[in-house]
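Shown next, in structure tokens, is the structure this report addresses.
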Amino acid sequence: MQTATGVTVIEHGQLVDGTGSTAIRDAALVIENGLITFVGPAAAMPVVPPNATRIDAHGGTIMPGLIEAHFHATYFDVEALEDLDIKYPVEYVTLLAGCNAKLALECGYTSARSGGSLFNVDVWLKKAIETDMIPGPRLAASGREICGVGGLMDWNPDYRKIGMDGLVLLVNGADEARAAVRKLVKDGIEWVKTYPTGDAASPDVNDHHTLCMTFEEMHAVVATAHNHGLKVTGHCRAMEGIKNALRAGYDTLEHGTFIDDEALEMILARDVPVIPALYFELASIERGPEFGLSQRVIDGHQETLDGGTESARRILKAGGRIGLGGDYGFGWNPHGQYARELTFFHKHVGFTPLEVLKCATQTGAEILGRAHELGTLAIGKLADVLVVDGDVVADIAILEDRSRFIAVMQGGIVKAGRLARA
Ligand SMILES: [Zn+2]
């Protein structure tokens, strides 16, 4: 991805650096050739060349680009789970994914970690973004998701002989789990997404207290993935699935819904980031009836929301790491509303705005394995920066409104926001 040339100064706004530190009033940020070279009070800013580009952030906030830690570029706002796998061919899904990537960048998300992809779209979407063919977040790519036969994602009945060609690799036993990871290694992915547990979406046989993979399968996934330098995550709701994932050596936990003291200790012992994706649950409860979700499913989402909220609070309070990403890409939780997750974590889960912003920037970069170059505003890092019209610390919901972005920058280049349109 190209970076800017020359010098840019962003000045007069408050600056939130993404570490959780208090905002700096009347701050300045200096960018040289795409990298941050000064961050601090405007009064202490070094002399810059007279031809430097100047961006006035007066009355606004200068902050790191947001990081979506559970992004599905290929989920195209489906109205039923089944549509994910069989509605469209790879050609059309790829185009939809490109549109979703562009939208995410316009929403202030300069990086994203995929939580699973149809076909092998992510790997090539990443290439298109990295070569500036299309705009989008810097992407950590996943591939097809791994689930046990008969588990949550194995919804097509055998008599229809449809299989799960697009979205999922179904496995029976450790050998098949290893084979699935080896296929993903060849595909060129970075993150292996698995399904250790069920979900409220499938109340009959794979609800949120059931397991969809054995420990042996999960351990085989991790051993094979780590051998090839890939990372592993999983959809973890049921407590035993969470513990299996932690014992197997997972790198992150998606959801981490139901935890007890032992699970919390295990999360903290290895400092494993958890990405709760909680707004999805609220959206499923509030908008589910419009999309035909049954009362049983909605009740399950309520239990998940309550459990997940309590777990996220406990993990943060105990010093654990929470990443923010929202499973956007369902009809009731569509692409473009990513920052609702941030508002939700402040208003309903009780995180302070600065804690929320840290989770959505610094922790996101740690999950990506790129904390040395992304995630906070610090000297030497890539200038992935948002300039927002308004005080984001006083009202974090401002980030939900794309029209409030003055600039969305990657590597010092303005890619979206008012200045991009001007
Ligand atoms: Zn997901």
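All ligand and atom numbering here is 1-based and tracks the order in the structure. Along the sequence shown, residues are numbered consecutively beginning with 1.
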Just to verify, which of R113, K231, K126 counts as forming a salt bridge (charged side-chain N to carboxylate O under 4.0 Å, His left out) with E190? K126
I need the NE2(H70)-the Zn ion (ligand 1)-NE2(H72) angle, rounded to 10 degrees. 100°
Taking N, O or S atoms only and a limit of 2.8 Å, check whether E254 reaches the Zn ion (ligand 1). no
Taking R247 first and then E240, would you say they form a salt bridge - that is, a charged N and a carboxylate O separated by under 4.0 Å? yes
Would you find a donor on one side and an acceptor on the other, under 3.5 Å apart, between the side chain of N206 and the backbone of G198? no
Among the N/O/S atoms of D327, the Zn ion (ligand 1) lies closest to OD1
Look at atom CD of Q2 and say whether more than 12 heavy atoms of other residues, nucleotides or ligands are closer to it than 6.0 Å. no
